[in-house]
There are 2 protein chains.
Amino acid sequence: MNLRQLRSLVGLADTDFSVSRAAARLNIVQPAVSQHLRQLEELIGAELFLRHGKRLVGLTEVGEQVLGYARRTLAEAENILAVGRDQTEAERGILRIGVTHTQARYVLPPVVRKFTRQYPDVELQLHQGTPAQLVDMAVNDKVDFAICTEALDEHPALTTIPCYRWNRCVIAPPEHPLLLRRPMTLDKLCEYPIITYVFGFTGGGRFRDAFGKLGLRPKVVLSAADTDVIKTYVREGMGIGIVARLAYSEAEDADLEMRDLSHLFPWEVTKIAYNKDKYLRTFQKNFIDAFQALSV
Amino acid sequence: MNLRQLRSLVGLADTDFSVSRAAARLNIVQPAVSQHLRQLEELIGAELFLRHGKRLVGLTEVGEQVLGYARRTLAEAENILAVGRDQTEAERGILRIGVTHTQARYVLPPVVRKFTRQYPDVELQLHQGTPAQLVDMAVNDKVDFAICTEALDEHPALTTIPCYRWNRCVIAPPEHPLLLRRPMTLDKLCEYPIITYVFGFTGGGRFRDAFGKLGLRPKVVLSAADTDVIKTYVREGMGIGIVARLAYSEAEDADLEMRDLSHLFPWEVTKIAYNKDKYLRTFQKNFIDAFQALSV
DNA sequence: CGTTCTTACGTGTGTCGTAACGATC
DNA sequence: GATCGTTACGACACACGTAAGAACG
């Protein structure tokens with residue numbers, strides 16, 4: 001058995017079982033991949049693939065098992081190579097971060113600025129997704145880290161580091177009647193149409209829970225995955241926006257009024273998570289440190 | 001990078017850093033191993049080994065890291081091969097079990113008998129050790145399972161399955177005065193010299209705890225790792241023996257009297273444990289099932 | 001002086017690429 | 001008929017084994 005053979009298997013599974021595309025991705029020719037797959041089947045002594053004629057269309061049960069172990073084998077081997085790169089080209093490489101829109105737009109910029117200055121030769125990739133997708137990407141090593149508030153600490157394969165706390169604020173056009181009413185309470189918020197994050201994003205169920213505990217039903221007229229969309233509709237007068245406090249910028253959002261709501265909602269904790277089995281390169285650790293430093 | 005290179009590295013670490021012995025174990029010649037090690041160092045781009053002249057004597061910090069990942073890579077690769085063997089020679093192979101003496105001597109025989117009848121071509125290896133050693137052997141894949149009462153469920157890398165409950169009994173020569181006294185209580189036991197298991201074996205700290213809770217101090221005059229040794233000294237009149245109830249056999253131990261003590265001590269649970277990351281071959285699963293069936 | 005590792009070199013295995021063939025949509 | 005996978009073959013590389021040399025105890 002060979003690492004190459006395993007790469008062909010994983011490549012095949014990652015390209016919808018197209019031998020040719022797998023070969024292209026692996027920078028070898030199709031017959032080589034075919035050979036690897038044949039050798040693996042021979043080694044295992046059982047059919048690994050479901051076929052339509054010559055075309056491979058899926059994996060048998062045994063094939064699934066082998067694929068799983070192959071992925072893990074390659075992941076561990078990749079760790080060894082990462083140790084190597086950390087020795088020979090410590091300041092060069094790729095850092096793949098999975099983030100939600102709000103993080104990428106409002107939180108990450110200063111960290112990214114600092115990091116790229118420190119590591120000009122590291123290519124920084126920002127992959128966006130829903131928290132659930134980010135977890136998946138981190139687990140399957142499509143990204144090196146995932147950064148978000150939801151879902152991260154539930155997955156057993158991830159190491160999760162809490163980074164900073166945040167809470168919500170309400171934003172509204174300056175003339176909005178809500179702004180005159182003090183103190184701000186949950187039931188007053190319920191009197192107006194609300195625009196906030198979609199469920200599963202940025203604060204998740206705890207937003208509704210806060211109202212539910214008091215028997216209140218907020219009128220959410222629109223929900224969006226990112227803060228910029230919410231702001232847009234608030235500007236249009238469609239309702240008041242309830243967003244992360246850190247997403248309100250005095251400079252950019254001078255045309256909107258903001259009131260802090262941290263006394264009304266539970267605090268949220270944004271975390272950074274990565275695969276437990278993964279070797280972290282020095283610059284990756286440094287990124288985590290830089291991100292954590294936000295909480296200070 | 002290559003699996004062979006990794007095997008050479010692991011082989012080296014497992015043979016006290018003797019290149020020649022590593023080669024012998026891997027069934028290749030020394031120069032091949034040397035080459036593998038050199039290639040690895042080249043790949044990583046850093047010294048992996050501590051040297052005295054030409055002789056390798058240990059690992060650098062980087063070397064330790066690489067060794068760790070190499071072990072894991074090979075373990076995952078081994079899982080793939082195990083899937084293969086399960087397909088091509090399902091009823092043939094080796095089953096390595098780590099056990100304590102008492103388990104091997106008194107509990108395992110019927111299971112082993114049943115298993116070897118079912119799988120005549122599986123070589124069964126019984127490795128003995130202390131519970132702590134058994135955990136180590138299971139974690140590092142020196143054995144496929146570990147069976148014992150202590151220490152197993154504490155290690156995060158192991159999957160632990162409880163198999164059966166047992167408790168203790170006292171054994172003594174027929175004429176021993178203790179045997180006349182009923183009901184049996186802990187303080188009566190304390191009146192006589194006691195022979196029982198050494199700490200860390202078979203029942204562990206809970207034995208002393210039972211006495212300690214009542215402020216009693218048992219007079220343990222001798223402790224041994226296995227029941228046969230204890231019985232021997234009981235026969236010599238050196239004291240009463242407190243052993244696992246299941247280790248008393250009416251047939252073999254007719255010259256000793258036995259009294260059940262399950263009302264005096266907490267119940268113990270014997271477990272079987274194996275590495276979480278390990279693929280279990282069919283016959284290995286069957287052994288576990290057969291062992292678990294004891295509890296019925 | 002034996003043991004241990006390294007270096008050098010030859011041979012055989014194996015892996016990839018090219019090219020031609022077969023099958024499927 | 002175009003795409004996709006398999007088969008066949010050749011060239012190159014690589015890995016192991018043999019043999020000789022260098023360092024260490």
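Below, all heavy atoms of this structure are taken into account, side chains as well, without hydrogens, waters or symmetry copies.
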Participant: How many whole angstroms separate atom CG of B:Leu43 from atom P of D:dA15?
Facilitator: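 Nearest whole value for this atom pair: 12 Å.
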Participant: Looking for any heavy atom pair under 4.0 Å, which part of the strands does A:Val19 touch: base, sugar-phosphate only, or nothing?
Facilitator: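 Sugar-phosphate contact only - A:Val19 comes under 4.0 Å of backbone atoms but never of a base.
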Participant: Does D:dG5 have OP1 or OP2 under 4.0 Å away from a side-chain N or O of A:Ser34?
Facilitator: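 For D:dG5, OP1/OP2 do not have a side-chain N/O of A:Ser34 under 4.0 Å.
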Participant: Let's see if you can work this out: which of C:dT15, D:dA23, D:dC16 has an atom nearest to the side-chain heavy atoms of A:Arg4?
Facilitator: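 For the A:Arg4 side chain, the nearest candidate turns out to be C:dT15.
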Participant: Which nucleotide wins on minimum distance to the side chain of A:Gln39, given the candidates D:dT18, D:dG5, C:dT15?
Facilitator: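 Nucleotide nearest to A:Gln39's side chain: C:dT15.
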Participant: Reckon B:Phe17 touches a base, only the sugar-phosphate, or nothing at all at heavy-atom distances under 4.0 Å?
Facilitator: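 Sugar-phosphate: the residue B:Phe17, judged by heavy atoms under 4.0 Å, touches backbone atoms but no base.
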Participant: Using whole Å, what does the distance between atom C1' of nucleotide C:dT15 and atom CE of A:Met1 come to?
Facilitator: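 The distance from CE of A:Met1 to C1' of C:dT15 comes to 17 Å, rounded to the nearest Å.
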Participant: Roughly, in whole Å, what's the span from CG in A:Leu56 to P in C:dC25?
Facilitator: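 It is 13 Å, rounded to the nearest whole Å.
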Participant: Return the nearest nucleotide to the side chain of B:Arg55; candidates are C:dT4, D:dT6, D:dG17.
Facilitator: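 Of C:dT4, D:dT6, D:dG17, C:dT4 is nearest to the side chain of B:Arg55.
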Participant: Would you say the side chains of A:His127 and A:Gln125 form a donor-acceptor pair under 3.5 Å?
Facilitator: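 Side-chain D/A pair, A:His127 to A:Gln125: present.
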Participant: Whole angstroms only, please: what is the NE2-C1' distance between A:His52 and D:dT3?
Facilitator: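 Distance check: A:His52 NE2 to D:dT3 C1' gives 17 Å.
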Participant: From D:dG17, C:dA19, C:dT6, pick the nucleotide closest to the side chain of B:Lys54?
Facilitator: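 Nearest nucleotide to the side chain: C:dT6.
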Participant: Please check if any side-chain donor atom of A:Asp136 sits under 3.5 Å from a side-chain acceptor atom of A:His155, or the reverse.
Facilitator: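 No, no side-chain donor-acceptor pair sits under 3.5 Å.
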Participant: Among D:dG5, D:dA15, D:dG17, which nucleotide has an atom closest to any side-chain atom of B:Asn2?
Facilitator: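 Selected nucleotide (nearest to the side chain): D:dA15.
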Participant: Going by distance alone, is a donor N or O of one side chain under 3.5 Å from an acceptor N or O of the other, for B:Thr227 and B:Tyr197?
Facilitator: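 Side chains of B:Thr227 and B:Tyr197: pair found under 3.5 Å.
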Participant: Under a 3.5 Å threshold, yes or no: a donor from one side chain and an acceptor from the other, between B:Thr282 and B:Asp86?
Facilitator: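 Looking only at side-chain atoms, B:Asp86 and B:Thr282 do form a donor-acceptor pair, the distance falling under 3.5 Å.
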Participant: Nearest whole angstrom, please: distance from the C1' of D:dG17 to the CG of B:Asn27.
Facilitator: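 In whole Å, D:dG17 C1' and B:Asn27 CG are 14 Å from each other.
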Participant: Given C:dT7, C:dT6, D:dT6, identify the nucleotide with an atom nearest to the side chain of B:Arg51.
Facilitator: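 When the side chain of B:Arg51 is considered, C:dT6 is the closest of C:dT7, C:dT6, D:dT6.
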Participant: Determine, using ring centers only, whether A:Phe283 and A:Phe287 are less than 6.0 Å apart.
Facilitator: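 No, the ring centres sit 6.0 Å or more apart.
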Participant: Calculate the interatomic distance between A:Arg38 atom CZ and C:dT15 atom P; express it in whole Å.
Facilitator: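 It is 11 Å, rounded to the nearest whole Å.
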Participant: With respect to the side chain of A:Pro31, which nucleotide from C:dT6, C:dT18, D:dG5 is positioned closest?
Facilitator: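 Of the candidates, C:dT18 comes closest.
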Participant: Does A:Gln5 reach a base, just sugar-phosphate, or nothing at all? Heavy atoms under 4.0 Å.
Facilitator: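 The residue A:Gln5 makes no contact with any strand.
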Participant: Figure out the CZ/P separation between B:Arg21 and C:dT4, and round it to whole Å.
Facilitator: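 Roughly 7 Å, once rounded to whole Å.
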Participant: Go through C:dC16, D:dG5, C:dT7 for me and flag the one nearest to the A:His36 side chain.
Facilitator: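 Closest nucleotide among those given: C:dC16.
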Participant: Choosing from C:dT18, D:dC16, C:dT6, which nucleotide comes nearest the side chain of B:Gln35?
Facilitator: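 For the B:Gln35 side chain, the nearest candidate turns out to be D:dC16.
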Participant: Nearest whole Å is fine: how far is D:dC16 C1' from B:Gln30 CD?
Facilitator: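 After rounding, the reported distance stands at 12 Å.
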Participant: Is the closest side-chain donor-acceptor distance between B:His36 and B:Asn2 under 3.5 Å?
Facilitator: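 No, because no side-chain N or O of B:His36 sits under 3.5 Å from a partner of the opposite role on B:Asn2.
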Participant: Nearest of D:dA8, D:dG5, D:dA15 to any side-chain atom of A:Ser20?
Facilitator: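 It is D:dG5.
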